[in-house]
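Worksheet for the structure shown next.
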Amino acid sequence: MSLLDVTNLCKSFGGVRAVNDVNFSLEKGEMLALIGPNGAGKTTCFNMLNGQLKADRGSVSFQGQELLGMNPRDIWRLGIGRTFQITATFASMTVRENVQMALISHHRKVFSLWNRATNSYAQEANSLLQQVGMEHQADRACGVLAYGDLKRLELAIALAHGPQLLLMDEPTAGMAPQERITLMELVASIAKSSNVSVLFTEHDMDVVFAHSDRLMVLNRGEIIATGTADEIRSNEVVKEVYLGGGSTFDTGEKEKTSA
């Protein structure tokens with residue numbers, strides 16, 4: 001049994017089938033990329049996996065437990081973390097305090113005026129910040145952080161409950177090229193060292209090809225190809241759909257075309 005098994009997952013909005021009979025599995029410790037053109041249904045698929053969106057039909061099984069019908073918080077508590085295209089942190093809190101809030105939630109603790117949140121799980125928060133290279137900014141307010149640093153903080157927050165699976169929707173969106181590389185190298189390193197599975201969507205093909213064990217290509221709500229980076233690069237259907245008829249992915253070498 002795989003860590004995650006998705007079977008016949010479907011979602012329609014009016015007469016539009018956004019996700020149509022999607023099937024895939026994810027193994028422990030695997031990095032699986034979900035790619036496709038804008039509007040292919042990637043985010044819709046993600047939102048069903050973690051309970052933010054109700055599926056019309058299908059099955060999502062995590063370690064043998066059905067997730068469809070569960071709310072996001074209960075799915076999170078099973079060991080599934082999530083990051084989003086747009087970061088969501090508490091701007092007025094410090095970097096450390098943001099991670100502490102996630103830890104407080106994970107440990108199901110409450111606090112009062114007599115037991116301040118800033119006194120809770122500070123060492124655990126520092127350890128997570130060190131893991132993502134943010135320990136030197138622990139006392140800074142989130143509102144003054146650079147965007148790339150916010151993305152690393154969001155990763156630390158997602159790791160606060162020790163997830164077995166990370167869902168990362170466009171983790172490098174809005175980042176400069178070098179920041180993208182650095183962040184995904186960090187994610188890959190954490191996934192390998194902690195045996196965490198990662199399912200991510202991404203438009204940057206350099207990031208996708210460099211860090212995914214397998215790729216799935218989604219188009220108009222359907223999986224049209226699954227394979228390794230080399231298999232996807234050479235897939236004629238993928239090249240026609242994803243690149244609009246181009247004959248090669250842009251991986252650093254530009255194809256010469258005649259006028």
Side-chain angles (χ1 to χ4, degrees), residues 31 43 46 50 52 72-73 75-77 79-204 206-207 210-211:
M31 288 193 67
T43 298
F46 260 53
N50 84 319
Q52 288 191 305
R73 175 170 291 276
I75 292 173
W76 179 76
R77 291 201 179 280
I80 299 178
R82 171 82 189 263
T83 66
F84 297 84
Q85 292 183 28
I86 301 174
T87 57
T89 57
F90 297 102
S92 63
M93 289 185 176
T94 67
V95 169
R96 182 187 294 109
E97 287 168 347
N98 269 265
V99 181
Q100 285 175 277
M101 292 301 293
L103 289 165
I104 287 168
S105 178
H106 168 61
H107 291 288
R108 300 174 184 258
K109 299 293 185 180
V110 296
F111 58 92
S112 66
L113 293 175
W114 308 110
N115 182 23
R116 295 182 61 197
T118 51
N119 297 326
S120 301
Y121 307 109
Q123 289 304 313
E124 287 184 48
N126 288 338
S127 178
L128 286 166
L129 290 173
Q130 183 176 21
Q131 193 172 6
V132 301
M134 287 287 291
E135 69 278 11
H136 61 291
Q137 301 199 61
D139 294 315
R140 296 189 73 194
C142 286
V144 301
L145 292 180
Y147 191 70
D149 290 334
L150 282 172
K151 285 286 190 176
R152 287 193 288 164
L153 172 58
E154 186 184 36
L155 177 59
I157 292 170
L159 293 171
H161 72 305
Q164 298 179 62
L165 169 61
L166 272 178
L167 303 175
M168 306 186 75
D169 192 8
E170 297 286 350
T172 70
M175 300 179 73
Q178 186 56 51
E179 287 180 322
R180 296 174 188 172
I181 294 170
T182 300
L183 179 68
M184 290 311 295
E185 286 178 346
L186 174 62
V187 172
S189 174
I190 291 171
K192 183 177 180 179
S193 63
S194 303
N195 202 28
V196 174
S197 302
V198 180
L199 175 63
F200 69 102
T201 68
E202 182 57 59
H203 284 293
D204 188 322
D206 288 334
V207 167
H211 297 295

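There is no side-chain donor-acceptor pair under 3.5 Å between Arg152 and Thr182. Thr172 and Glu202 are linked by a side-chain donor-acceptor pair at a separation below 3.5 angstrom, with hydrogens and angles left out of the test.
Ile157 approaches Ala102 most closely through the heavy-atom pair CG2-CB, 3.8 Å. Pairing each heavy atom of Arg73 with each of Ser105, the nearest pair is NH1-OG, 3.1 Å. Heavy-atom minimum distance, Pro171 versus Leu183: O-CD2, 3.3 Å. Between Met168 and Leu155, the closest heavy-atom pair is CE-CD1, 4.2 Å. Nearest approach of Pro163 to Gly81, heavy atoms of both residues: CB-N, 3.7 Å. Across Val198 and Ala191, no two heavy atoms sit closer than the pair CG2-CB, 3.9 Å.
A heavy-atom distance below 4.5 Å is not found between the side chains of Ile181 and Asp206. Taking 4.5 Å as the limit, every side-chain heavy atom of Arg77 sits out of range of all side-chain heavy atoms of His161. Residues Leu166 and Leu199 have side chains not in contact (no heavy-atom distance under 4.5 Å, counting atoms from C-beta outward). Residues Val187 and Met31 are in side-chain contact: their nearest non-hydrogen atoms beyond the backbone lie under 4.5 Å apart.
Put simply, CG on Leu128 and CG on Leu159 are 6.5 Å apart, with the number rounded to the nearest 0.5 Å. Going from atom CZ of Phe46 over to atom CZ of Arg82 covers 6.5 Å, rounded to the nearest 0.5 Å. For the atom pair OG (Ser189) and NE2 (His211), the distance works out to 10.5 Å, reported to the nearest 0.5 Å. Remark: Leu153 CG to Leu129 CG distance equals 7.0 Å, nearest 0.5 Å. Going from atom OH of Tyr121 over to atom CD1 of Ile104 covers 7.5 Å, rounded to the nearest 0.5 Å. For the atom pair CZ of Phe200 and OG1 of Thr83, the computed distance is 11.0 Å after rounding to the nearest 0.5 Å.
The backbone N or O of Glu170 sits less than 3.5 Å from a side-chain atom of Thr201, completing a donor-acceptor pair. No donor-acceptor distance shorter than 3.5 angstrom exists from the side chain of Ser127 to the backbone of Gln123, with no hydrogens or angles considered.
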Item to check | Step-by-step side-chain contact (heavy atoms from CB on, under 4.5 Å) determination, Asp139 to Val95 | outcome: CA-CA 6 Å; Asp139 294 315; Val95 169; over 6 Å; no
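Screening residues 176-195 for salt bridge (Lys or Arg N to Asp or Glu O under 4.0 Å), with sequence neighbours left out, gives Arg180-Asp204. For residues 124-137, the set of pairs meeting the salt bridge (Lys or Arg N to Asp or Glu O under 4.0 Å) definition, not counting sequence neighbours, is empty.
Scanning for side-chain contact (heavy atoms from CB on, under 4.5 Å) contacts around Thr94 gives Arg96, Glu97, with sequence neighbours left out.
Residues Asp149 and Arg140 are not paired through a salt bridge, judged by the lack of any N-O separation under 4.0 Å between the basic side chain and the carboxylate.
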